[in-house]
2 protein chains.
Amino acid sequence: MSDRQLTGPSTDLGATRIARRERMRRRRQVIDLGVLDAHLGYFVRRLQVWIFQDFVRTLSAFDIRPAQFSVLVVIEANQGLSQADLAGTLGIERARLVRLLDGLERRGFTRRKASPIDRRSHALFLTESGQAALKRIKAAAAEHEAHLTERLGARKREALLSALRDFV
Amino acid sequence: MSDRQLTGPSTDLGATRIARRERMRRRRQVIDLGVLDAHLGYFVRRLQVWIFQDFVRTLSAFDIRPAQFSVLVVIEANQGLSQADLAGTLGIERARLVRLLDGLERRGFTRRKASPIDRRSHALFLTESGQAALKRIKAAAAEHEAHLTERLGARKREALLSALRDFV
DNA sequence: TATTGTTATACTCTATAACTATA
DNA sequence: TATAGTTATAGAGTATAACAATA
């Protein structure tokens, strides 16, 4: 951030240009994407991979991956919800959620309690240490989001966010 | 649907069951995404998963996945390029591209030839049957893209495409 | 020394199927 | 019959490290 001031107003554009040139150099040839250029999925995938990598790198001190983060956040916001509801909300398989929760429970972040209304299901909670950890994890995740804003530009990030929000 | 009429009295039971399930579904609490709602990565991931699933389903007759499609398309548009350039362009690991090409070669779609300028590298080409197959595959991929347009709306899809194009 | 293609390993994630205990 | 959680398995994808041949 601070080094930006030295280069003046064109910093963002300059940084983008430099980054692009760097990517081109690595490629050493201008390669045609062909019909890929008309497929939204290709670009969505590239962005998603970039986001995952930056997320993991930024939160490496916590050893938290995007899926784990989403589970912690949704449990915090809906204490006592069931695994089925959680899986349905996040669009992940119930079978996969089992392992995910096993890991978070082993680390002392979450807990499965007996549901008071349905003996088949579990009510999910964050432990106290889970809540404390999540507080710091969310701060780191916000840092990741700042990287994204830096990379996309605040306007574009906001536009994408509101465009995609009602998709789910 | 039509078999309901044949079952006579049990139609009511079936209808009751369906109505109950519907009530259950509605009764299910609305789940709060918490801070996830401010993370672009979450929504990008959800969209990307949707796209992958629709792509695979739409192209199931060809047994082609997104990564394979992107490899075929870029080889077609840049016949003779090297594996390193292809991997760099698509942002996939060189190690992974090896297996990907093994599979496409085994199916007779692509071919590795000796590079005329660098004895370390391979020059990649589509075979004739690979070109013929890709022609039909691209038509199916366009069908998938139409699903996406249907789901997002043409305007939003176009806006997303042009917003993300210069990200890579 | 650096790069190209390759092999190998570990881990994450998706997609299914099946099982149990409840409802 | 259907649902919640679980176990198991197969396959795709990511991330690394290492190696031989070549630049």
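Chain letters run A, B, ... following the sequence lines, proteins first, then strands; residues in each count from 1.
Contacts of A:Lys113 classified as side-chain contact (heavy atoms from CB on, under 4.5 Å), with partners at least two apart in sequence or in another chain: A:Arg111, A:Phe125. Evaluation of the side-chain contact (heavy atoms from CB on, under 4.5 Å) rule for A:Glu93 yields A:Arg96 as partners, not counting sequence neighbours. Residues satisfying the side-chain contact (heavy atoms from CB on, under 4.5 Å) criterion with A:Thr110, sequence neighbours excluded, are A:Leu72, A:Ile75, A:Leu101, A:Leu104, A:Glu105, A:Leu126.
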Using the rule given for side-chain contact (heavy atoms from CB on, under 4.5 Å), can you reason through A:Val73 versus B:Leu33, listing the C-alpha separation, both sets of side-chain angles and the distance that settles it, and then say yes or no? CA-CA 7 Å; A:Val73 164; B:Leu33 287 180; over 6 Å; no
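Using a 4.0 Å cutoff on non-hydrogen atoms, no part of residues 58-66 of chain A comes near DNA chain D.
With rounding to whole Å, A:Ile92 atom CD1 is found 8 Å from C:dT14 atom P. The distance between atom CD1 of B:Ile51 and atom C1' of D:dG13, rounded to the nearest whole Å, is 17 Å. Atom-to-atom, CG of B:Asp102 to C1' of D:dA12 comes out at 15 Å; the value is rounded to the nearest Å. Atom pair A:Gln48:CD and C:dC13:P shows a separation of 10 Å (rounding to whole Å applied). Rounded to an integer number of Å, the gap from B:Glu93 CD to D:dA18 P is 15 Å. If you take CG of B:Asp85 and C1' of C:dT4, they are 11 Å apart, rounded to a whole angstrom.
Residue-level contact check: A:Gln83 touches the backbone only, with heavy atoms under 4.0 Å from sugar-phosphate atoms and none from bases. Here B:Arg99 lies out of heavy-atom contact (under 4.0 Å) with every strand. Nucleic acid contact for B:Ser115: none, since no nucleic acid atom lies under 4.0 Å from a heavy atom of the residue.
Residue B:Gln53 has a polar side-chain atom (N or O) positioned under 4.0 Å from OP1 or OP2 of C:dA15. Note on A:Arg94: every side-chain N or O is 4.0 Å or more away from OP1 and OP2 of C:dA15.
Between A:Leu164 and B:Leu160, some side-chain heavy-atom pair lies under the 4.5 Å cut-off. Two residues are said to be in side-chain contact when any heavy atoms from C-beta on lie closer than 4.5 Å; B:Arg107 and B:Ile64 meet this criterion.
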What's touching nucleotides 17-23 of chain C from the protein side, N or O pairs under 3.5 Å?
| residue | atom | partner | partner atom | Å |
| --- | --- | --- | --- | --- |
| C:dA23 | OP1 | A:Arg119 | N | 3.0 |

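For B:Arg96, counting side-chain heavy atoms from C-beta on, the closest listed nucleotide (D:dT14, C:dT4, D:dG5) is D:dT14.
Using a 4.0 Å cut-off between a side-chain N of Lys or Arg and a carboxylate O of Asp or Glu, B:Lys156 and A:Asp166 qualify as a salt bridge.
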List the atom pairs, donor and acceptor, that lie under 3.5 Å between side-chain atoms in residues 48-60 of chain B and the rest of the protein, sequence neighbours left out.
| residue | atom | partner | partner atom | Å |
| --- | --- | --- | --- | --- |
| B:Gln48 | OE1 | B:Arg45 | NH1 | 2.8 |
| B:Asp54 | OD1 | B:His147 | ND1 | 3.0 |
| B:Asp54 | OD2 | B:Thr58 | OG1 | 3.3 |
| B:Asp54 | OD2 | B:His144 | ND1 | 2.7 |
| B:Asp54 | OD2 | B:His147 | ND1 | 3.0 |
| B:Thr58 | OG1 | B:Asp54 | O | 2.6 |
| B:Thr58 | OG1 | B:His147 | ND1 | 3.3 |
| B:Ser60 | OG | B:Arg57 | O | 3.0 |

